Amino acid sequence: MDSKTHSSVAVILVNWNGYALTKRCLHSLEKVSFTNFSVIVVDNASEDGSYEKLKSEFSFPVFLKNNKNLGFTGGNNRGIAYAMEQGFDYILLLNNDTVVDPGFIEELVLTAGNKPDSGMVQPLILFMDSPERIWSAGGKMANSLGISKTLGDREKLSDYRLKDRELDWATGCCILIPKEVIQKTGALENSFFAYFEDVDWSLRVRKAGYTIFLASKSIIFHEGSASSKKAHDEGTLSPRVFYLHARNQLFILRRHFGFPYGLLAWPYHLFKYIAWMCYFCLRGRFKKMKAVAKGIRDGISLDHHNPEPLCP
């Protein structure tokens, strides 16, 4: 099958007050060699005028606008629903703080097409400002502790034994997934809002009998947590980031790590977050300390299947 003529791809970008980032990403997508793709930009109720500016400057994407910020999960799910209605063969989630290599979609589709049990494919992701270093070469689970590790994290590309390989999970920064897989497993879990939603989705895809792959010849460049890194009175990352991290990690344990793994995973993560709270207390960062405490409480008590984003 000629992937360029027979497979259609919907590329979904979520924008939230990220005009410059999304603009840069869209310019890189204009140079992509794959011919049968469309771009869907979902705006999460931006307040910086980025939706209007982007829509006036770019004619090739489809633009969708949410009335409120639905997070990474809700924004992407809006785009996924639209793409599924339009009948695209593949859905490709792409962070707006990326720049793509012109051949990245073609390599992803080729890898997916060559693997009959492929459920997800991710590219090799390099740091934007240090392209000689790896941001992600895929994900691996340490099941005994419920830890999701990033392969190749910050390693030099020249020193890394790079190859196409099976993965335990794919990063939400860039995931190609066939429509049939979404029809069987569902889309992202809205209750996560942001963080660990890609781990949850990947684990569900694998439980459904599919395999996740790295397409090592597909390359993109990532700025990394650009939407989360803003000046706050307690540092660069906001208390909300730490709340979501603690809560959603516990959601992962509740959804995927029962007996016997939970016997070690639960004490490990609870101890880690208590250590975070002690550190923030010593540094006088009481908002972050309270955010982690609330994350622990909500991660244990809230309904992790709630269709509404559970975010403060």
Side-chain angles (χ1 to χ4, degrees), residues 1-4 7 9 11-13 21 24-25 27-29 31-35 37 90-178 181 195-203 205-206 209-226:
M1 177 183 288
D2 184 342
S3 64
K4 285 194 173 187
S7 295
V9 178
V11 180
I12 300 172
L13 299 180
L21 295 173
R24 181 180 64 186
C25 185
H27 277 310
S28 74
L29 286 168
K31 303 172 184 177
V32 164
S33 58
F34 192 88
T35 57
F37 80 102
Y90 291 96
I91 311 300
L92 198 163
L93 306 191
L94 181 67
N95 273 18
N96 70 324
D97 57 353
T98 61
V99 168
V100 303
D101 180 82
F104 93 109
I105 295 180
E106 187 166 2
E107 292 294 340
L108 290 172
V109 172
L110 284 172
T111 299
N114 290 332
K115 308 288 186 180
D117 62 341
S118 173
M120 288 178 167
V121 182
Q122 82 152 72
L124 174 66
I125 307 174
L126 306 176
F127 280 96
M128 184 88 68
D129 57 354
S130 301
E132 75 281 0
R133 291 192 179 273
I134 298 171
W135 187 82
S136 172
K140 180 177 179 60
M141 292 301 302
N143 288 329
S144 61
L145 295 177
I147 297 174
S148 48
K149 298 181 178 180
T150 297
L151 297 172
D153 185 20
R154 302 184 185 277
E155 292 192 35
K156 280 190 175 183
L157 183 59
S158 58
D159 297 337
Y160 192 74
R161 295 184 60 185
L162 190 63
K163 62 178 180 178
D164 290 2
R165 57 172 296 173
E166 292 187 16
L167 305 172
D168 289 341
W169 60 277
T171 173
C173 177
C174 185
I175 298 176
L176 180 79
I177 183 167
V181 177
Y195 302 107
F196 292 101
E197 74 294 318
D198 47 6
V199 177
D200 171 72
W201 203 18
S202 297
L203 295 178
V205 166
R206 288 178 58 213
Y210 298 102
T211 307
I212 301 172
F213 294 97
L214 169 70
S216 60
K217 293 181 181 179
S218 176
I219 297 173
I220 69 170
F221 305 89
H222 187 218
E223 186 163 321
S225 303

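Please read these numbers as outputs of a predicted model, since none were measured by experiment.
In this structure F196 satisfies the ring pair (Phe, Tyr, Trp, His ring centres under 6.0 Å) test together with H245, sequence neighbours excluded. Every residue meeting the side chain to side chain donor-acceptor pair (under 3.5 Å) condition with T211, not counting sequence neighbours, appears here in chain and number order: D117. Take V99 and apply the side chain to side chain contact (heavy atoms under 4.5 Å, CB included) test, not counting sequence neighbours, and it matches R24, S28, M128. The side chain to side chain contact (heavy atoms under 4.5 Å, CB included) test applied to D129 returns F127, not counting sequence neighbours. Annotation: side chain to side chain donor-acceptor pair (under 3.5 Å) contacts of D200 (sequence neighbours excluded): R204, R255, H256.
The two residues G119 and P178 make their nearest non-hydrogen contact at O-CD, 3.4 Å. Across all non-hydrogen atoms, the minimal contact from I212 to W169 is CD1-CA, 4.0 Å. Taking both residues in full, the closest heavy atoms of A170 and M120 are given as CB-SD, 4.3 Å, listed atom of the first, atom of the second, then distance. The minimum heavy-atom distance between C174 and I220, with the atom names listed, is CB-CD1, 3.6 Å. What you find for L93 and G172 is that their closest heavy atoms are CB-O, 4.3 Å. Closest of all the heavy-atom pairs between E106 and F34 is CA-CD1, 3.8 Å.
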Can you list the steps and then say if L92 with I12 is a side chain to side chain contact (heavy atoms under 4.5 Å, CB included)? CA-CA 6 Å; L92 198 163; I12 300 172; over 6 Å; no
Evaluate the side chain to side chain contact (heavy atoms under 4.5 Å, CB included) criterion for residues T98 and E223: first the C-alpha distance (whole Å), next the side-chain angles of each, then the deciding distance (0.1 Å), finally the verdict. CA-CA 6 Å; T98 61; E223 186 163 321; over 6 Å; no
Might you work through the side chain to side chain contact (heavy atoms under 4.5 Å, CB included) test for V205 and V181, ending with a clear yes or no? CA-CA 7 Å; V205 166; V181 177; 3.9 Å; yes
Please test Y90 against V9 for side chain to side chain contact (heavy atoms under 4.5 Å, CB included), starting from the C-alpha separation and ending with a verdict. CA-CA 5 Å; Y90 291 96; V9 178; 4.0 Å; yes
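The distance from the CG atom of L151 to the CG atom of L162 is 11.0 Å, given to the nearest 0.5 Å. Separation of atoms CD (Q122) and OG (S216) is listed at 11.0 Å; rounding is to 0.5 Å. In this structure, the separation between CG on L110 and OG on S7 is 9.0 Å, given to the nearest 0.5 Å. Going from atom CD1 of I134 over to atom CD1 of I125 covers 10.5 Å, rounded to the nearest 0.5 Å. Separation of atoms CZ (F213) and CG (L176) is listed at 12.5 Å; rounding is to 0.5 Å.
Contact of the F104 side chain with the L29 side chain is registered, since non-hydrogen atoms from C-beta on lie closer than 4.5 Å. F221 places a side-chain heavy atom less than 4.5 Å from the side chain of P131. Side chains of L94 and C25 form a contact here, defined as non-hydrogen atoms less than 4.5 Å apart. With a 4.5 Å cut-off on side-chain heavy atoms, E132 and S158 do not count as touching.
Looking only at distances, no side-chain donor or acceptor of E107 sits under 3.5 Å from a matching main-chain atom of K217. Distance alone, capped at 3.5 Å, is enough to place a donor-acceptor pair between the S33 side chain and the P102 backbone. N95 places no side-chain N or O within 3.5 Å of a backbone atom of D97 that could act as its donor or acceptor partner.
Counting only residues at least two apart or on different chains, the salt bridge (Lys or Arg N to Asp or Glu O under 4.0 Å) pairs with a member in residues 151-175 are D168-R206.
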